[in-house]
Amino acid sequence: MLTKPPIPGERMLAGTDLRLPRLAFGLWRFVGRDVSGADRLLRTALDAGLTLIDGAAVYGLDWGGASFGENEQLLGQVLKADPGLRARMILATKFGITPGIPYDSSCACVIKSCEDSLRRLQTDVIDLFQVHRPDVLTHPADLAETLSTLRKAGKIRAAGVSNYSARQTLNLQQFLDFDLATHQPEFSALCLSPVHDGVLDQCLSRAMVPLAWSPLGGGKLALTLHEAHEADPSGRLAKVISALDHTAHEMNTTRVSVALSFVMAHPAHPIPIIGTQNSARIIEACRAVSIQLSRAQWYKIASAGGMDLP
Ligand SMILES: NC(=O)c1ccc[n+]([C@@H]2O[C@H](COP(=O)([O-])OP(=O)(O)OC[C@H]3O[C@@H](n4cnc5c(N)ncnc54)[C@H](OP(=O)(O)O)[C@@H]3O)[C@@H](O)[C@H]2O)c1
């Protein structure tokens with residue numbers, strides 16, 4: 001019989017002694033900064049309690065970055081300048097996207113990616129090593145063996161998946177000799193698919209922790225109503241924003257807090273990965289932790305986002 005896992009804030013990263021925070025800090029847009037600016041931003045996130053730091057080998061190519069791994073390199077420089085910072089975080093990164101190929105989770109590629117990430121991050125262990133996207137040409141047994149080898153060698157502490165279906169996750173898990181710790185789907189009031197496609201159900205039944213990417217729809221949920229109508233002429237985005245604003249007004253809080261608490265309300269207790277690179281907004285995001293939406297409020301927002309409620 002399954003037992004209910006500990007409440008959020010008390011959960012550990014599976015197989016480790018690392019306590020998971022309620023909110024994570026994402027590095028997708030962590031580019032174009034000098035080391036001292038990057039250091040300040042990272043400290044703001046850590047001080048605010050966003051102690052899971054979510055990066056990827058491929059981050060740095062988007063948002064004006066110049067080269068593959070640039071993002072990990074920047075974080076590595078920050079960590080080198082103050083080695084004490086490393087112990088304050090759960091360091092998560094991802095492998096498996098190689099521009100031009102595009103997906104490669106073969107043994108040689110994953111081992112090399114791990115070594116490269118360790119070198120760029122200037123650390124000797126990755127706390128959470130995630131498959132960025134499924135490589136359907138790699139047999140899950142081979143990927144499981146590679147991950148297990150890396151874990152036994154002490155290069156990674158835990159592993160997770162991102163953009164995996166529930167079935168793909170189960171296939172990988174069946175060949176693994178340790179439990180996958182995390183699932184990382186896109187999840188927000190604008191992207192409700194994990195509620196229906198089995199991913200959040202799998203998190204419940206396997207005690208995997210969901211990490212929700214783009215919890216503000218990549219910034220779309222922060223637009224004005226006018227901008228929303230222009231960005232999405234179908235009216236759906238504006239409908240979601242109006243529902244969030246209505247609830248924010250009822251609760252005397254901000255739209256962003258409501259949008260994040262919407263994500264956190266699912267019983268699998270997803271951890272939103274906060275993507276802003278603005279210190280004040282990182283701190284503002286923390287307000288979401290103390291908000292609890294009523295059922296009626298949650299379903300109203302979900303319905304605006306397109307959830308069918310027969
Ligand atoms: N696994 C995957 O395939 C995958 C894909 C995408 C992302 N991710 C992960 O998810 C993380 C978050 O994604 P995301 O950056 O798209 O997250 P998001 O929180 O949905 O969007 C962040 C964007 O919204 C903007 N924004 C505007 N107003 C804001 C406000 N009031 N508060 C907060 N943000 C505001 C931010 O701009 P400012 O910076 O100017 O505030 C930023 O550009 C990434 O860093 C990455 O770790 C994973």
Side-chain angles (χ1 to χ4, degrees), residues 21 23-33 37-38 40-42 44-45 48 50-65 70-72 74-75 89-97 99 102-103 128-135 159-165 168-169 182-191 193-194 199 209-224 227-228 231 237 240-241 244-245 248 253-264 270-288 305:
L23 302 171
F25 181 51
L27 300 184
W28 188 22
R29 303 168 197 267
F30 186 72
V31 284
R33 274 161 214 281
R40 272 197 304 278
L41 196 63
L42 186 69
T44 301
L50 281 62
T51 53
L52 193 158
I53 307 298
D54 181 67
V58 73
Y59 290 173
L61 284 179
D62 303 322
W63 316 119
E70 184 175 311
N71 209 297
E72 287 184 334
L74 180 58
L75 180 59
M89 66 179 68
I90 297 179
L91 182 54
T93 194
K94 311 187 196 76
F95 64 88
I97 298 187
Y103 308 125
L128 176 64
F129 201 42
Q130 304 161 94
V131 199
H132 205 151
R133 283 189 181 270
D135 167 20
V161 292
S162 182
N163 304 301
Y164 260 49
S165 70
Q168 286 167 329
T169 307
T182 56
H183 234 308
Q184 187 176 142
E186 180 177 6
F187 181 39
S188 70
L190 270 184
C191 178
S193 36
V199 164
V209 174
L211 306 177
W213 68 258
S214 290
L216 300 179
K220 289 204 273 295
L221 291 179
L223 297 177
T224 63
E227 290 166 335
L237 176 59
V240 175
I241 286 176
L244 292 171
D245 282 345
T253 187
T254 63
R255 188 202 295 169
V256 165
S257 305
V258 173
L260 296 175
S261 84
F262 174 88
V263 166
M264 297 164 88
I271 297 176
I273 310 174
I274 305 304
T276 180
Q277 304 294 298
N278 172 308
S279 294
R281 286 173 177 172
I282 291 174
I283 293 164
E284 186 206 343
C286 297
R287 293 176 65 176

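Order of appearance sets the numbers: ligands from 1, and atoms from 1 within every ligand. Small disclaimer: the values here were computed from a predicted structure and weren't measured.
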Task: Residue among P210, S162, P270, P194 satisfying side chain to side chain contact (heavy atoms under 4.5 Å, CB included) with Q184 - done: S162

- [ ] Using a strict cut-off of 4.0 Å, indicate which atoms of ligand 1 neighbour a heavy atom of L27.
- [x] 45 (O), 47 (O)

- [ ] Examine Y59 together with F30 and report whether their ring centres are nearer than 6.0 Å.
- [x] no

Open item on the list: Check contact between F30 and ligand 1, using heavy atoms of the residue and a distance below 4.0 angstrom.
Closed with: no

TODO: Step through it carefully: locate the ring centre of Y164, locate the ring centre of H132, and say whether they are under 6.0 Å apart.
DONE: no

Open item on the list: Side chain, backbone, both or neither: which applies to K94 and ligand 1 if a contact is any heavy-atom pair less than 4.0 Å apart?
Closed with: side chain

Task: atom 35 (C) of ligand 1 - nearest protein heavy atom and its distance - done: R281 NH1, 3.9 Å

Open item on the list: Just to be sure I read this right, does ligand 1 sit under 4.0 Å from the backbone of H132, its side chain, both, or neither, counting only heavy atoms?
Closed with: side chain

TODO: Using the side chain to side chain contact (heavy atoms under 4.5 Å, CB included) rule, pick out the option among L41, L52, T44 that qualifies with F25.
DONE: L41

Task: atom 25 (C) of ligand 1 [closest protein heavy-atom partner, distance rounded to 0.1 Å] - done: G219 CA, 3.9 Å

TODO: Looking only at protein heavy atoms, identify the closest one to atom 41 (O) of ligand 1 and say how far it is in Å.
DONE: T276 OG1, 2.5 Å

Task: Per-residue contact class, V256 against ligand 1 - non-hydrogen pairs under 4.0 Å - done: side chain

